[in-house]
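These notes concern the structure reproduced below.
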Amino acid sequence: MPVYEFFCRKCQKPFTEVMHVSEHDAGVAECPECHSKADVEKRLSTFTAVTSRKSAGL
């Protein structure tokens with residue numbers, strides 16, 4: 001499952017959540033500190049893709 005990054009504007013703290021893509025698309029996570037959802041914003045995250053195929057060597 002992907003790890004998503006969030007930021008709580010109320011607490012001024014970043015946090016991460018492991019969520020299914022469908023959960024993430026349905027809304028934002030709850031802040032683990034203040035339990036707010038209204039003040040939480042999604043952040044852009046980096047990701048790594050792992051494949052089993054080798055590059056074609058372009």
Side-chain angles (χ1 to χ4, degrees):
M1 281 193 291
V3 177
Y4 294 99
E5 295 180 28
F6 298 93
F7 182 79
C8 181
R9 292 185 300 266
K10 186 175 181 181
C11 297
Q12 295 295 303
K13 294 184 180 181
F15 64 96
T16 59
E17 285 288 327
V18 177
M19 306 169 82
H20 287 284
V21 175
S22 59
E23 288 176 309
H24 180 259
D25 291 345
V28 295
E30 180 179 284
C31 175
E33 189 74 26
C34 70
H35 306 288
S36 173
K37 282 190 173 186
D39 297 311
V40 173
E41 63 184 34
K42 297 175 184 179
R43 291 286 170 105
L44 293 177
S45 303
T46 60
F47 67 93
T48 303
V50 179
T51 63
S52 61
R53 300 172 84 188
K54 291 187 176 184
S55 174
L58 298 175

Residues which pass side chain to side chain donor-acceptor pair (under 3.5 Å) with Glu30, listed by chain and number, not counting sequence neighbours
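Counting only residues at least two positions away or on another chain, Glu30 forms a side chain to side chain donor-acceptor pair (under 3.5 Å) with His35.
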
Grouping I, L, V, M, F, W and Y whenever their side-chain heavy atoms are under 4.5 Å apart, do Val3 and Met19 come out in a common cluster?
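Result: no, two separate clusters.
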
State plainly whether one hydrophobic cluster holds both Val28 and Val21, where clusters connect Ile, Leu, Val, Met, Phe, Trp and Tyr through side-chain heavy atoms under 4.5 angstrom apart.
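Val28 and Val21: one cluster.
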
Grab the two heavy atoms, one from Ala29 and one from Lys37, that are nearest each other, plus how far apart they are.
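What the structure gives for the nearest pair is O-CG, 4.1 Å.
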
Restricting to pairs with a member in residues 14-26, which pass salt bridge (charged side-chain N to carboxylate O under 4.0 Å, His left out), not counting sequence neighbours?
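Sorted pair list comes back empty.
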
Could you pull out every donor-acceptor pair under 3.5 Å between side chains of residues 7-16 and any protein atom, sequence neighbours left out?
residue	atom	partner	partner atom	Å
Arg9	NH1	Glu41	OE1	2.9
Arg9	NH2	Ala38	O	3.4
Gln12	NE2	Arg9	O	2.5

Under 4.5 Å between any side-chain heavy atoms of Asp39 and Cys31, yes or no?
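No; the side chains remain at least 4.5 Å from each other.
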
I want to check something: taking the side chain as every heavy atom from C-beta on, are Tyr4 and Lys42 in contact at a cut-off of under 4.5 Å?
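In short, these two side chains do not touch, never coming nearer than 4.5 Å.
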
